[in-house]
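Counting starts at 1 for both ligands and their atoms, following the listed order.
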Amino acid sequence: MKQIYLDYSATTPVKKEVLEEMLPYFSENFGNPSSLYEIGFEAKDAIAKARSRVAHIIGASDREIFFTSGGTESDNWAIIGTARAFKNKGNHIITSKIEHHAVLHTCEFLEKEGYEVTYLNVDSNGRISIEELEEAITDNTILISIMFANNEMGAIQPIKEISRIAKKHNIVFHTDAVQALGNVPIDVKDLGIDLMSMSSHKIYGPKGIGALYIRKGLVIPNLIHGGGQERKKRAGTENVPAIVGFGKAAELAEANLDRHIKELETLRNYFISEVTKRIPDVSLNGSLENRLPGNINMVFNYIEGEALLLAMDHKGIYASTGSACSSASFSPSHVLLAMGLPVEKVYSSIRFTIGDFTTKEDIDYVLDELEAIVKKLREISPFNKDNVMKTAQVCNC
Ligand SMILES: *Cc1c(COP(=O)(O)O)cnc(C)c1O
């Protein structure tokens, strides 16, 4: 059976070039980067090279990049670290209702410790309002944490305007850029970002590795305590192969960025326009503007998203109802709800995310299957307006 992966926002396959660069660091070059002999030095040099590559793609300097175990740890470190560093200045944090759980649950954890958190609303396109942000600021505000781009419906936030407001009020600005990295041009200096979370497995690198950008001059306490790795800021023996892979993935992402964006946008727009043409009663969640190039999130009215996912799985098509974490649960997407979508439309929403290995042939196959599956499911769906009428007629007799 054909297998078509359309869940690139959940994770991406490791690219061949990335794997090749990683392999020697599992065996021949297995040294501990802290050791004072040749294979240790080799590992240390490899980390330095990877750090430069990650720094380069976001316009940072090498000394501002700290490797972590991934996006989740980077979010935790940025938010908990800032909260602790500035606890004498205030206890108020501003974030949004559509953040990844790595941010939301970290904020909820801090609320239990006595911090106050404002969760900003978003509009129907998933974007926050700069006016609402500025109104939420108090004398106690120490951190603004707003994601660069949303993992479920792809909305890209007005990052430069947010950082301008943060700077004006002397507040630290953190952004979760896990989805934006490799999909949107990022220059942390131009954008005025203080802290930025990144993850390797969303950009064709290995899992379990990421980084936190910490602007020079900003000091936050460690999250992980132990040895002196990462210039004493993040303890634990470095995952050298993973770091090397992340570095290579970042280098490739930077080199391919323009082409990657153009190709994905073309395929994405084709997919959306064909679905809209061929299947009645569908709509796009959010706007095509300010959207990740590979994100498609659509409502298929009168159908339960889970049923659609299962039917597609039988045809070898892998998509999702939202984030990887929410997919395992039955709770409706907090992101789509925050955008004001009625709950039945949230349950009828499906996310397709395309990537570098998606072809036009894949999309055409998916379109054919999708059209047939939606038709079939609607024939048997109790939510279908025609079926509701039939049922009503039966009851009347
Ligand atoms: C995937 C993701 C994370 C978590 O990153 P991990 O490396 O999997 O821990 C955080 N934020 C966003 C927006 C994500 O998409």
Side-chain angles (χ1 to χ4, degrees), residues 5-14 18 50 54 58 65-80 95-109 119 122 126-128 145-157 159 162 174-184 186 193 195-213 223-224 234 236 239 242-243 245-247 249-250 253 286 290-297 319-328 333-336 338-339 351-355:
Y5 182 77
L6 295 180
D7 206 10
Y8 281 81
S9 277
T11 194
T12 57
V14 170
V18 171
V54 172
I58 61 164
I65 301 297
F66 297 87
F67 289 114
T68 64
S69 65
T72 301
E73 184 188 325
S74 298
D75 285 340
N76 272 263
W77 186 13
I79 295 167
I80 295 171
T95 185
S96 83
K97 288 186 178 163
I98 65 161
E99 298 296 311
H100 190 273
H101 285 135
V103 168
L104 286 179
H105 290 169
T106 303
C107 287
E108 285 163 21
F109 163 77
Y119 299 89
V122 293
R127 303 235 303 169
I128 66 150
S145 178
I146 303 286
M147 73 199 315
F148 206 124
N150 185 267
N151 46 305
E152 290 195 32
M153 47 69 64
I156 299 169
Q157 300 297 335
I159 294 298
I162 298 169
H174 164 249
T175 188
D176 174 341
V178 171
Q179 292 290 336
L181 190 70
N183 286 310
V184 182
I186 301 178
I193 295 165
L195 295 158
M196 189 170 87
S197 304
M198 295 169 270
S199 178
S200 150
H201 75 101
K202 306 282 174 78
I203 64 160
Y204 310 93
K207 295 172 182 56
I209 190 76
L212 181 65
Y213 157 78
L223 187 69
I224 308 286
R234 200 279 186 179
N239 186 346
I243 290 172
F246 183 20
N290 300 309
R291 189 186 195 100
L292 286 173
N295 179 285
I296 299 146
N297 190 317
S320 118
T321 51
S323 69
C325 343
S326 347
S327 287
S333 155
H334 67 286
V335 175
L336 299 180
M339 286 163 58
R351 177 186 77 178
F352 302 93
T353 42
I354 58 176

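Counting heavy atoms closer than 4.0 Å to ligand 1, residue T72 contributes atoms from both its backbone and its side chain.
The residue from K207, Q179, H201 that puts a heavy atom closest to atom 15 (O) of ligand 1 is Q179.
In this structure, the protein non-hydrogen atom closest to atom 1 (C) of ligand 1 is K202 NZ, 1.4 Å. The closest protein non-hydrogen atom to atom 11 (N) of ligand 1 is D176 OD2, 2.6 Å. The protein heavy atom nearest to atom 7 (O) of ligand 1 is S199 OG, 2.6 Å.
Counting only distance, with no hydrogens or angles, the side chain of N151 and the backbone of A10 share no donor-acceptor pair below 3.5 Å. With T12 contributing its side chain and Y8 its backbone, the two residues share no donor-acceptor pair below 3.5 Å. In terms of modelled atom types and a separation under 3.5 Å, the side chain of E99 and the main chain of M147 share a donor-acceptor contact. Under a 3.5 Å cut-off, the side chain of S333 and the backbone N or O of L336 do form a donor-acceptor pair.
Looking at every heavy atom in both residues, I146 comes nearest to T175 through O-OG1, 2.7 Å. V178 and S199 make their closest contact through CG1-CB, 3.7 Å (heavy atoms, listed as atom of the first residue, atom of the second, distance).
Residue contact check: N151 has heavy atoms under 4.0 Å from atoms 13 (C), 15 (O) of ligand 1. For ligand 1, the atoms sitting less than 4.0 Å from at least one non-hydrogen atom of G70 are 7 (O), numbered in the order shown with element in parentheses.
For the pair G71 and ligand 1, the shortest N or O to N or O distance falls below 3.5 Å.
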